[in-house]
A.B. asks: 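One structure follows; several queries about it will come next.
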Amino acid sequence: MWHLRDYVKWLTCLQFSICLTSGPPEKPSNLSCITYYDKNMTCWWNPGKDKHITTTYQLKLFIPSIPLQRCIPENSKNSCTIFYPDLRYYVDYIIWVEAKNNFGKTDSDHLVMDTMNSVKPEPIFITSVQPGHDLSRSLIVKWKKPLKLPKVFPLKYCLRYRMAGIADWIEAELNETSSQAEFFTIEGLKPFTKYVVAIRCMKQDGKGYWSDWSSEKTGTTSEDQPSQAPDLWIVNKNPRSQNRSILIMWKEPSKSKANGVIKGYQLKITERKTQAVMCINSTNLEYSLVLSGESYTIAITAYNSVGNSPASVLLVPSANQKELPPVLHVSAAPHNHQLMIEWKASSSTINTYIVEWCVVESDSNECSGPVHWMYEPNTTNKAFVKENIVAFKRYKISVYPLYNDGPGSPLSTKAYLEEDTPASGPFVHLKEAGKAAAQLEWDEIPVNERRGFITNYTIFCKSAGESESSKQEIATIIASIIPVSLSVAVMMLLVYFMNMTPEKNCQNVPDAAHSHPYLNSPKCQTKNNFDAKALEKASETIRTVGQQLQSEESEPYPVCSRNAEDSTLMGNHTGQLPPSQNLQSNLTCLLLNSEEVF
């Protein structure tokens with residue numbers, strides 16, 4: 001229960017707290033204004049900390065010779081808007097904010113400002129973005145000035161641009177734009193490339209605010225002649241022949257290097273001995289012809305509406321020229337959903353490498369589909385193939401070093417991007433059958449159905465009326481039967497010794513009731529008499545048999561299978577497991593032995 005002194009203390013504390021929070025409002029700060037020409041002017045400020053005391057604010061504008069203008073914020077403590085025509089231009093306003101409460105009032109610092117120095121222009125409208133005249137690497141941007149501005153209001157501009165599909169903008173230098181101009185030329189661009197452009201403006205002296213960026217507009221630079229030669233390669237199926245079938249292949253320059261629309265290609269084939277020249281125009285990406293055994297030079301250029309690209313040149317050695325050395329080693333393996341190809345250089349005079357791959361569907365190792373290829377620089381020994389390749393197909397991958405005198409010999413390997421179980425199994429034939437042996441043969445699975453490298457074959461067999469089992473299953477069954485058989489043998493031996501013929505201990509005992517000298521027969525008492533030595537010998541025999549069976553159980557059983565190690569995993573060697581194998585069936589022998597045991 002409170003006493004009078006408690007109420008006095010409480011009132012004293014309350015009065016002290018009110019005294020601490022009382023007094024005039026905090027001084028508003030950071031007063032600034034923005035003008036939208038012929039629309040309005042909005043000013044805002046920082047009202048300071050809230051003292052939980054009701055405070056009102058007024059924005060005051062003073063111009064000599066006219067009454068003081070006042071703006072009372074609506075639903076706000078830190079901004080107020082004055083609408084046109086209550087604004088004057090090209091005169092200096094004195095502007096401040098008054099904060100007032102029951103304990104007094106406080107004014108902000110006074111701001112002296114011409115409203116034209118706080119103008120934010122409306123966004124500019126871009127009328128066109130066109131290729132520069134006689135300049136393939138430029139764009140001319142044209143626009144219109146904002147409408148709601150005084151006729152004499154010098155502007156400066158900021159223009160930004162970016163390649164379509166690229167997020168980063170590039171801004172033009174501000175001093176490169178004229179205050180009276182309504183166009184600007186962007187230079188140093190890429191030919192035949194789409195660009196996105198936007199522009200903004202502000203008062204030329206830098207007073208006021210930048211306008212918002214204009215709506216974006218796109219334009220494309222004009223074409224230029226291609227800057228990159230097409231990649232060039234050949235397939236020479238019979239390099240030692242005097243009539244060689246040659247497939248010449250090339251790739252279209254990348255879009256960034258084509259500098260326009262590629263209209264076609266010009267081939268120039270020169271016989272080096274006679275300097276005879278054959279020129280061919282083509283719109284395709286390959287060309288077939290027959291060459292003699294002489295050496296040739298093949299050159300190709302791409303052209304568009306402006307001109308030709310540089311030439312790509314490839315030397316075709318003569319049919320009797322000594323083969324140039326291959327790389328020392330090639331391997332291929334899946335890596336992150338692509339094939340990683342690695343090789344080891346054989347010489348420091350290699351100019352570049354060609355990595356070539358194709359699908360093979362037979363053991364002949366010949367390509368059964370189109371040949372794909374790519375260039376790799378001589379500074380690398382690794383490449384990644386991720387295009388024109390699918391899972392479960394066998395690929396032949398070859399690496400060619402290119403020298404000044406032409407391509408070196410290829411070194412090849414085979415690989416799968418992804419492997420799976422074979423699409424079908426081999427068809428097995430029984431060639432010969434004997435009492436304890438069988439000779440089997442089978443047809444190899446076609447390459448296009450293997451879906452991976454065949455590593456081994458396993459023979460499954462069964463007797464008539466029995467379920468099918470493999471060698472491993474039979475071995476498991478036998479291993480489980482051995483302990484049971486051993487226990488049964490022990491029990492049988494124990495029963496045998498317990499039922500041995502007992503010794504008879506006979507004595508003549510007269511029968512008092514039927515006493516007769518000739519009819520009396522001896523009474524025999526049966527007594528089991530175990531021979532300790534015989535029992536110990538039997539136990540030793542049981543232990544010996546058990547140890548032998550246990551030893552046999554621990555030995556590995558021969559498996560009825562043959563490894564079918566794929567030649568492609570062993571360097572350049574060829575061949576796989578022959579389809580016919582003379583299998584002396586270890587499984588048959590095991591089954592015969594087991595019958596003898598049981």
A.B. asks: My understanding is that only residues two or more places apart in sequence, or in another chain, count here; which of them pass side-chain hydrogen bond (donor to acceptor under 3.5 Å, both in side chains) with S305?
C.D. replies: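 If we apply the side-chain hydrogen bond (donor to acceptor under 3.5 Å, both in side chains) test to S305, skipping adjacent residues, the hits are E223.
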A.B. asks: Who are the ring-ring contact (aromatic ring centres under 6.0 Å, His included) partners of Y89, not counting sequence neighbours?
C.D. replies: Y37
A.B. asks: Can you name the residues that form a side-chain contact (heavy atoms from CB on, under 4.5 Å) with P146, not counting sequence neighbours?
C.D. replies: P121, E122, I124, L149, L155, C201
A.B. asks: Taking side-chain contact (heavy atoms from CB on, under 4.5 Å) as the definition, give me every residue that meets it alongside K393, ordered by chain and number, with sequence neighbours left out.
C.D. replies: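 For K393 the side-chain contact (heavy atoms from CB on, under 4.5 Å) partners, ignoring immediate neighbours, are V359, E361, V390, Y395.
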A.B. asks: Please identify each residue that fulfils ring-ring contact (aromatic ring centres under 6.0 Å, His included) with Y400, with sequence neighbours left out.
C.D. replies: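 Expected list: W233.
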A.B. asks: Excluding sequence neighbours, so at least two apart, what forms salt bridge (Lys or Arg N to Asp or Glu O under 4.0 Å) with K396?
C.D. replies: none
A.B. asks: Residues in salt bridge (Lys or Arg N to Asp or Glu O under 4.0 Å) with D92, at least two apart?
C.D. replies: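 For D92 there are no salt bridge (Lys or Arg N to Asp or Glu O under 4.0 Å) partners, ignoring immediate neighbours.
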A.B. asks: In chain order, what residues pass the ring-ring contact (aromatic ring centres under 6.0 Å, His included) check against Y36, with sequence neighbours excluded?
C.D. replies: none
A.B. asks: Checking K251 against W373: charged group under 6.0 Å from the ring centre and within 45 degrees of the axis?
C.D. replies: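 The answer is yes; both the distance and angle limits are met.
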A.B. asks: Who pairs with C43 by disulfide bond (SG atoms under 2.5 Å apart), at least two apart in sequence or on another chain?
C.D. replies: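 Partners of C43 under the disulfide bond (SG atoms under 2.5 Å apart) test: C33.
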A.B. asks: Run the salt-bridge test on K105 and E98 with the 4.0 Å N-O cut-off and return the result as yes or no.
C.D. replies: yes
A.B. asks: Apply ring-ring contact (aromatic ring centres under 6.0 Å, His included) to Y416 and list each qualifying residue two or more places apart in sequence or on a separate chain.
C.D. replies: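 With neighbours one apart ignored, the set is F453.
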A.B. asks: Any side-chain heavy atom of N30 within less than 4.5 Å of one from W45?
C.D. replies: no
A.B. asks: So do P28 and Y57 actually touch side chain to side chain, heavy atoms under 4.5 Å?
C.D. replies: yes
A.B. asks: Under 3.5 Å, is there a donor-acceptor pair between the Q69 and D86 side chains?
C.D. replies: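 No, D86 and Q69 have no side-chain donor paired with an acceptor closer than 3.5 Å.
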A.B. asks: Under the side-chain contact (heavy atoms from CB on, under 4.5 Å) rule, collect the residues that match up with R162, sequence neighbours excluded.
C.D. replies: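 side-chain contact (heavy atoms from CB on, under 4.5 Å) check on R162 returns W169, V196, E216.
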A.B. asks: Name all residues meeting the side-chain contact (heavy atoms from CB on, under 4.5 Å) criterion together with S227; count only those two or more places apart in sequence or in a different chain, and write none if there are none.
C.D. replies: K257, N259
